[in-house]
Amino acid sequence: SDMVGCSFYCSARHTPKQAEHPTMSDHSDVEEFETADAGASTTVPMQAGSVRKGGFMVIKGRPTKVIEVTTSKTGKHGHAKCHFTATDIFTGKKMEELVPSSHNLEVPIVAREDYTLVDLNDEGFLGLMDDSGNVREDLKLPAGHDDAEALARQIQDAWDEGKELILTVLKSMNQEQVNAMKEAPKAD
Amino acid sequence: MVHVLDPGCDDVASANDQNALGMLGELTLALIAAGALRGEREGGAMEESLRMLLDAWGSLIGRVGQFGCPPALANGAAAVFRAYLHAGLAAVAESAFDDDDGQEEEGEAGAAALDERLSLIAPIARAAPDATLPLLRQALDAKKRALADATANGADPTTALEELWWLGRLVPHVLADAFDGEIPQPPDSLAELCARATHEERECPVDALAGEYVRLTCLCLDENARRAMSPRLMETLTWGSARWADTYLMSEDTGGSLHAAIFAHNALGGGGEGRVYRGANKAKPAAFSEAGGGAQVLDALLRAAFVCLTAWPGETGVQKAAASTLLPALTRRRALCRTCVNLPAWKQVMDAESVALAHSAAVAGAVPGQQTLHFPPEIHLGLSEALGRAAEGLNDEAQSREYIARVLAPVGQVLDAVAAAPGDMKHPAGESRAVAVIQALRGSVRATIARSQASVFSFFSQSFEALLAVQRAGAHSAQVSKLILKLTEELVANQACFLGPAHAGVLCRHCLRVVEEYRASGRGKIGATEGGSRSLRAERVKECYKEVKVMLRMLTHVTNSDNDVEDEETARGGSHRGSVLAAAAAGSAASEGRVRGGARVAAASGEALAKVDVARVVFIGLNTVIPLITDELLTFPKLCHQYFALLAHMLEAYPAKVAALPPDMFNSLMGTLEFGLKHADVEVARESLAAAGAMGSFQHHASVDGRPGLGDHNARGGGGDFGILARLMRTTLSRMIFEDAGMNLVDAAADALLPLMLVERAAFEGVAGELLAKLEGDAGAQARVMGALRELTTGNGLTDRVDRANKRRFRRNMSTFLTETRSFVRHT
């Protein structure tokens, strides 16, 4: 029997459509995801026990990356709880959360895209060109915490020196920020 | 104390010894009564003192001979155990409501520390089993009833659960030893008790206690009783059942019955050692043997494992105990496997695994109350491995093939689905599914056994394209990348030794593609500002380190599969010594999968084409991996060691092939070698010295035989730069004279320097000259060093051969030389 079946997830680039409840009851052995729509939602529910160190989760509405997980119990013979320590992927702020292992938590969808830096104006707005040649100008240099500001300085300096730069934009839960920089490789 | 150990010596033992034993007993009992076992005493002086006393008991008991424990000692042990049991239960009840503060390791429930303590009391219990086993059985029974009562009355069951938890750990310690790579036999005193009981036609206390324990574990099979049991308790009972099963469950095929028979003889009071009791055959089947109820127990435990996997969703600890402790024990031996594969309970486990894998995208259902079966990835790993190992129980090749196909089919389906939808991996659910399926694949690889190896390999070789697609699509995910590499590594480690040349070639090609895919993904390149924050960047570096380390291990495994290692003879004569690999190529294709390395058969050079050039595979792999080993990565010692061990092996085993490498690859390797020679880590330096010595020896033998050796590779660079061998020699000498403080590298350096010195005489003289020039102005020192140099190169009858005797001489010379020279030269 076809236990695995159909395509399960609509690319985030689709136009948003009404989120529908996935119908689990119809197909007991096939996990259907074409209706587990990801077009509108930016997060996905997952069992807390499956989230590992290095994974992502939402804490207090913020997308975070997990840096530590420990399990403890409500009393020795109670049920397991997962204690997560995580850092906000945009602000670097450290956050914690305690979730029973069998419960669900939200996992953010995190995407990374590379752009070539084609402009950097006085107000700090970046001109970013994607692979197809389209340019966006809506993002500014990263800011808000030490590491972001250090990165902003590095970008500014490299730009001033005339280097060709590739910037990585981190995107999650409707927030975007430049997160890394590298020099464009010299033509081989 | 010695007298106390003589059997029947009670009355004649000296009063002193009796007193000493009595005092030991009193002290121990006093400490226990004073609360040495209580939780808050942990790590304190009382606990430490009790530990020492229990150790003393253990030593006394350990020295007891074949005639068993003398009464005084046995009585003392029984008294101690009785007190320990009582106080231990009280202490554990006291701490039952303490908060679990999360310091217990996941999946181990604080048990490791407890195991360490209980291992001290176990031999004491075993010394007087007639008294102690019934005590344990009573305690188990009482606490089980207490739990039932608490549940029936709606009272808090925590205390009862915690007491049962503690007993659940203690009983298996007493009954059996841990499986440490070797199937443990029953402890002698218990075997003796069993034999005696059988002879006296009464119930064996060992079997009775074991039965009670297994029944307790299998309480979880009853839905009502299960509600009373906690995951923590089940975890320990699962662990304990596994420990017991390794020794006692269907132990006929590990000499269990012979062991029992030996003790049966002793039990009859027969003298002499080891004479087998012939009456054993007439007895009814031993308890827990296949015919004596063992098959039923196996079935029950399998069903209990299934319950542990499914009844407590989210409780990874108990799931892991089932998948990684109990099921491996139940598939450890052929007899158990034979029974397992035919049981419906086994199919239940198999189905659970395939359903969970199909649902591994782990997106929670929105239908309330409907829980889809879901396992964390490690559970897939453990289950898949146990499922694969059970193939041991199928003699028939067709049956074995069919079984493996059944186990792997769902895995293959999920793998294909993952490979066909690369974009899905950017989504957490898709990533989760990819991780789960790779773990399941790893499990089947780790379960490779001779019987099913060919079927497993066939499955994998058809899956290589899919695996590469998954690797490509998962390049952004640290988890997926690491696991794919680990899978490839384990594939080589487990399968390579079974493969004939064609299959080995296919596997090696796949390895190279995996390495190349990794390089192309750019994962190995970490920019200076990657991640946007220092901690995230440090994490990326760590990920990279692990990935590169796994690739190096994989390449090392590839070398281990080579059965046709070059040696000096081959390098000299240029003829190919065929291996059985080549012979198999000449043989039928049907024997492909089952050919093993070992015998050497001369083969015509035409057949050598069919052979896998393992060295070439590794060099190509290294060529791709070396640029990924940045300075940052080299700060991780394990990676460093792994690399240099592999480098040394390649240079020692395949010097001719190294010489045949294209210049850029050769120089790349030599660059790393020079780095290693200067490295502070002794291990790394030692390997590098071995490698340098191998290069030197190769060149030396070549020149003796009139062959080109390294040829152009060793040419002097433009501008009078030294050739590589001269540089290696200079670096080594320089380090030993000027830098190294200790003498722990002297022998290794001497072994490297001897051949290097012999082939690069001019360069050596140059170094000597430089050394003396440093001492300009101090004629006395110059004279001493000159003398030392002369001794180094000629002393002790040193010849110009690179053989064992000469190497020994040179080591001595080197040691003397360094002692002499360092003091002078470092002064300047």
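Nothing here was measured: the structure is a model prediction, and the numbers come from that model. Each chain gets a letter, A, B and so on, in the order its sequence line appears, and its residues count up from 1.
Applying the side chain to side chain donor-acceptor pair (under 3.5 Å) criterion to A:R112, with sequence neighbours excluded, gives no partner residue.
Interface summary for chain B: among A:A48, A:G49, A:S101, the most heavy-atom pairs under 4.5 angstrom belong to A:S101. Of the listed residues (A:H103, A:K65, A:H83), the greatest number of heavy-atom pairs within a distance under 4.5 Å of chain B belongs to A:K65. Your options are B:A436, B:A421, B:S95, B:A478, and the one with the most heavy-atom pairs under 4.5 Å with chain A is B:S95. If you tally non-hydrogen atom pairs under 4.5 Å between each of B:H476, B:E539, B:E315, B:M229 and chain A, the highest count goes to B:E315.
The environment of CD in A:E164 is sparse: at most 12 heavy-atom neighbours from other residues, nucleotides or ligands sit within 6.0 Å. Atom CG of A:D131 is surrounded by 12 or fewer heavy atoms from other residues, nucleotides or ligands within 6.0 Å. Annotation: A:D138, atom CG; neighbour count of heavy atoms from other residues, nucleotides and ligands within 6.0 Å is above 12.
Scanning both residues, A:P108 and B:P428, for their nearest heavy atoms gives O-CG, 3.8 Å. Residue A:S102 comes nearest to B:P313 through the heavy atom pair CB-O, 3.1 Å, listed as atom of the first residue, atom of the second, then distance. Minimum heavy-atom separation, B:T158 to A:H77: O-CD2, 4.0 Å.
A:V51 does not touch chain B: none of its heavy atoms, backbone or side chain, sits under 4.5 Å away. Neither the backbone nor the side chain of B:A420 comes within contact range of chain A, judged by heavy atoms closer than 4.5 Å.
A distance of 4.0 Å separates CD of B:E378 from CZ of A:R52, quoted to the nearest 0.5 Å.
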